[in-house]
A.B. asks: 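Input: one structure, supplied below.
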Amino acid sequence: MSGFTAADERWMQRACELALEGLNTTTPNPRVGCVLVDADGNLIAEGFHRKAGEAHAEVAALQQAGDAARGATAYVTLEPCNHHGRTGPCTEALIAAGIAEVVFGMEDPNPRVSGQGLERLRAAGVRVRGPVLESQVRALNPGFIQRMTQGRPWIRCKLAMSLDGRTAMASGESFWITGEPARADVQQWRARSCAIVTGITSVLKDDPALTVRDPAFGENPRQPLRVVVDSRLRTPPEARLLRMPGTTAVATCAFNRPQIGAEIWGLPSVAGAVDLTALAGKLAERGCNEVLVEAGPTLAGSFLRAGLIDELIIYAAPKLLGSSARPLFDLPLSFMAEAVQLEIDDVRRIGDDWRFLARVRPPQPQTLV
């Protein structure tokens with residue numbers, strides 16, 4: 001990496017590790033880590049952003065360092081903020097502490113910051129260098145970046161299937177395709193998500209809770225917003241997810257709005273169904289960075305056809321359910337040119353099952369010959 005040293009990369013790597021300490025808790029803010037190093041290259045202090053409304057990573061590190069911060073270099077994964085929100089500007093805190101240099105991982109995509117924080121530091125005589133390890137830093141906050149630049153969250157779709165690509169028997173029986181380790185792994189994805197989206201069919205058939213309930217996340221973990229896509233507003237008042245801790249919203253295009261113990265989101269319709277693009281916009285308005293879709297083949301296929309799925313999490317069990325069983329997606333395609341192209345990022349064994357992480361590639365323009 002031109003212009004940067006191995007020490008720069010090592011300290012930024014540590015800042016990335018610190019940022020992940022806030023993996024499940026910073027929403028709607030980004031995950032950020034900060035390391036303070038003295039002129040001799042020795043670690044002074046570390047910090048990370050834990051929760052919206054609490055100290056940002058830079059301030060947490062400065063508080064730990066005290067007077068030792070004067071003349072130090074701050075390695076921070078994201079450009080320091082330069083505006084007043086729930087907390088004061090991190091730029092002013094760094095300047096007041098006497099920080100001599102700031103090395104950043106990436107510029108903040110938030111239009112309220114984007115470049116302004118770096119300019120404020122330079123204007124105060126602070127040396128600024130970066131970006132360092134930018135691709136790794138960007139991977140910390142795919143949802144925040146996309147919400148700031150495109151106005152919608154990063155949307156993952158979680159599915160479990162047999163090795164022949166089936167999600168349930170023809171009767172609808174599906175418990176359990178995968179084993180307990182795979183189901184425990186799903187809890188990790190729920191915990192980091194800002195919202196979990198499901199469809200009314202899944203609510204009526206399975207009565208899911210859609211909660212984070214792994215003891216590893218403590219007795220009272222942050223519960224993602226639960227959203228039911230329910231065009232005709234058929235969610236029963238006794239549905240289990242309405243009784244769980246946290247908030248449930250029902251996205252509908254129906255005119256009747258009964259009180260069922262949930263927020264009712266009236267959204268536009270497309271062919272009688274909830275406009276999923278409008279739903280993605282609503283989720284962004286609510287500050288949702290990462291969204292997990294846990295739904296059957298119809299809703300999952302609708303999200304995919306709408307071009308709203310960024311990433312797939314697919315658990316494959318070593319079993320065959322047969323040709324009459326239900327497919328992974330309701331995705332009527334007729335030609336090879338219509339095939340959805342994926343980029344496999346990770347494949348690993350989870351218990352007896354296999355987990356595939358894949359990004360959905362945008363459609364490529366067809367070349368006429």
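Note that the numbering runs from 1 along the sequence shown for the chain. Note: hydrogens, waters and symmetry copies are ignored here, and every other heavy atom, side chains too, is used.
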A.B. asks: Is the CG atom of N42 crowded by more than 12 outside heavy atoms at less than 6.0 Å?
C.D. replies: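 More than 12 within 6.0 Å, yes.
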A.B. asks: Of all the heavy-atom pairs spanning D108 and N110, show the shortest one and how long it is.
C.D. replies: OD1-N, 2.8 Å
A.B. asks: Does R183 make a cation-pi contact with W176, if we ask for NZ or CZ under 6.0 Å from the ring centre and within 45° of the axis?
C.D. replies: yes
A.B. asks: Does N24 offer a backbone N or O that forms a donor-acceptor pair with the side chain of R222 under 3.5 Å?
C.D. replies: yes
A.B. asks: Does the side-chain contact (heavy atoms from CB on, under 4.5 Å) test come out yes or no for D8 and T5, once each step is laid out?
C.D. replies: CA-CA 5 Å; D8 288 333; T5 67; 3.3 Å; yes
A.B. asks: In this structure, would L241 and W265 fall into the same cluster of hydrophobic residues linked by side-chain contacts under 4.5 Å?
C.D. replies: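 No; tracing contacts between hydrophobic side chains, which count when under 4.5 Å, never links both residues.
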A.B. asks: Not counting sequence neighbours, which residues clear salt bridge (charged side-chain N to carboxylate O under 4.0 Å, His left out) with R355? List them please.
C.D. replies: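 Testing R355 for salt bridge (charged side-chain N to carboxylate O under 4.0 Å, His left out), a comparison that skips the adjacent residues, returns D185, D346.
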A.B. asks: For residues V137 and V37: do they belong to one hydrophobic cluster (side chain heavy atoms under 4.5 Å, members Ile, Leu, Val, Met, Phe, Trp, Tyr)?
C.D. replies: yes
A.B. asks: With rounding to the nearest 0.5 angstrom, report the CG to NZ distance, N29 to K51.
C.D. replies: 11.5 Å
A.B. asks: Begin with the C-alpha distance, continue with both residues' side-chain angles, and end with the deciding distance and a verdict on side-chain contact (heavy atoms from CB on, under 4.5 Å) for L292 and I313.
C.D. replies: CA-CA 10 Å; L292 184 64; I313 308 167; 4.1 Å; yes
A.B. asks: Hey, can you tell me if H56 and H49 have their rings parallel, tilted or perpendicular (30° and 60° cut-offs)?
C.D. replies: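 Perpendicular.
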A.B. asks: Output the rest of the hydrophobic cluster of W154: all Ile, Leu, Val, Met, Phe, Trp and Tyr residues reachable through side-chain heavy-atom contacts under 4.5 Å, sorted by chain and number.
C.D. replies: none
A.B. asks: Counting only heavy atoms not in R232, do more than 12 fall under 6.0 Å of its CZ?
C.D. replies: no
A.B. asks: Can you give the donor-acceptor pairs under 3.5 Å from side chains of residues 323-332 to other protein atoms, not counting sequence neighbours?
C.D. replies:
{"residue": "R326", "atom": "NH2", "partner": "A170", "partner atom": "O", "Å": "3.4"}

A.B. asks: Is the shortest distance from a Lys or Arg side-chain nitrogen in E21 or R50 to a carboxylate oxygen in the other one below 4.0 Å?
C.D. replies: no
A.B. asks: Not counting sequence neighbours, which residues clear salt bridge (charged side-chain N to carboxylate O under 4.0 Å, His left out) with E285? List them please.
C.D. replies: none
A.B. asks: With clusters defined by side-chain heavy atoms of hydrophobic residues (ILVMFWY) lying less than 4.5 Å apart, directly or transitively, does V293 cluster with L210?
C.D. replies: no
A.B. asks: Are E263 and R286 ion-paired here, with the side-chain N under 4.0 Å from a carboxylate O?
C.D. replies: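 Yes, E263 and R286 are salt-bridged.
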A.B. asks: Test side-chain contact (heavy atoms from CB on, under 4.5 Å) on L62 and I99; report intermediate values, then the result.
C.D. replies: CA-CA 9 Å; L62 291 171; I99 291 293; 4.1 Å; yes
A.B. asks: Indicate yes or no for a side-chain donor-acceptor contact from S269 to the backbone of V274 under 3.5 Å, with no hydrogens or angles considered.
C.D. replies: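 Not at all, since once roles are kept as given, no pair shorter than 3.5 Å links the two residues.
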A.B. asks: Please name all residues satisfying side-chain contact (heavy atoms from CB on, under 4.5 Å) with A195, sequence neighbours left out, ordered by chain then number.
C.D. replies: L225, L283, C288, V291
A.B. asks: Members other than V270 in its cluster, when Ile, Leu, Val, Met, Phe, Trp, Tyr link by side-chain heavy atoms under 4.5 Å?
C.D. replies: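 Same cluster as V270: nobody, lone residue.
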A.B. asks: Calculate, to the nearest 0.5 Å, the distance between atoms CD1 and CE belonging to I314 and M161 respectively.
C.D. replies: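 Between I314 CD1 and M161 CE, I get 5.5 Å after rounding to 0.5 Å.
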A.B. asks: What's the spacing between E311 CD and K158 NZ if we round to 0.5 Å?
C.D. replies: 14.5 Å
A.B. asks: Restricting to salt bridge (charged side-chain N to carboxylate O under 4.0 Å, His left out), what partner residues turn up for D310, sequence neighbours left out?
C.D. replies: R152
A.B. asks: My understanding is that only residues two or more places apart in sequence, or in another chain, count here; which of them pass side-chain contact (heavy atoms from CB on, under 4.5 Å) with A284?
C.D. replies: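 Partners of A284 by the side-chain contact (heavy atoms from CB on, under 4.5 Å) criterion, ordered by chain and then number, come out as R147, P153.
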A.B. asks: Please list, chain by chain and in numerical order, all residues satisfying salt bridge (charged side-chain N to carboxylate O under 4.0 Å, His left out) with R122, sequence neighbours excluded.
C.D. replies: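 Here the qualifying residues are E119.
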A.B. asks: Between D230 and T235, does any side-chain donor sit less than 3.5 Å from a side-chain acceptor?
C.D. replies: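 Yes - a donor-acceptor pair under 3.5 Å links their side chains.
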A.B. asks: For N220, what residues pass the side-chain contact (heavy atoms from CB on, under 4.5 Å) criterion, not counting sequence neighbours?
C.D. replies: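 For N220, no residue satisfies side-chain contact (heavy atoms from CB on, under 4.5 Å) once neighbours in sequence are set aside.
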A.B. asks: In terms of hydrophobic clusters joined by side-chain contacts under 4.5 Å, are L159 and L357 together?
C.D. replies: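 They do not share one cluster, since no chain of ILVMFWY contacts under 4.5 Å joins L159 to L357.
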A.B. asks: Mark yes or no for whether Q223, through its side chain, and V212, through its backbone, hold a donor-acceptor pair below 3.5 Å.
C.D. replies: yes
A.B. asks: Working to the nearest 0.5 Å, report the span between CG of L299 and OG of S202.
C.D. replies: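 Rounded to the nearest 0.5 Å, the CG-OG separation comes to 7.5 Å.
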A.B. asks: Measure the spacing between CG of L242 and OG1 of T247 and express it to the nearest 0.5 Å.
C.D. replies: 11.5 Å
A.B. asks: Sequence neighbours left out, what passes side-chain contact (heavy atoms from CB on, under 4.5 Å) with S162? Give chain and number order.
C.D. replies: D164, R166, K319, L321
A.B. asks: Report, as yes or no, whether the 6.0 Å neighbourhood of atom NZ on K205 holds more than 12 heavy atoms from other residues, nucleotides or ligands.
C.D. replies: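 Correct, the count exceeds 12.
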A.B. asks: Given 3.5 Å as the limit, does a donor-acceptor pair link the side chain of E79 with the main chain of Q116, or not?
C.D. replies: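 Side chain of E79 to backbone of Q116: a pair is present.
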A.B. asks: Quick one: pull up CZ in F217 and CZ in R192 and give me the separation to the nearest 0.5 Å.
C.D. replies: 11.0 Å
A.B. asks: Say whether V126 and L78 are linked into one hydrophobic cluster, either directly or through other cluster members, by side-chain heavy-atom distances under 4.5 angstrom.
C.D. replies: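 Yes, one cluster joins them.
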A.B. asks: Under 4.5 Å between side-chain heavy atoms, chaining through other members, with only Ile, Leu, Val, Met, Phe, Trp and Tyr counted: pull out the rest of the cluster around M148, sorted by chain and number.
C.D. replies: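 F144, listed by chain and number.
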A.B. asks: Can you establish whether the number of heavy atoms outside Q259 located under 6.0 Å from its atom CD is more than 12?
C.D. replies: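 Not more than 12 within 6.0 Å, no.
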A.B. asks: Using atom types as modelled and distance alone, determine if a side-chain donor or acceptor of D206 lies under 3.5 Å from a backbone N or O of P208.
C.D. replies: no
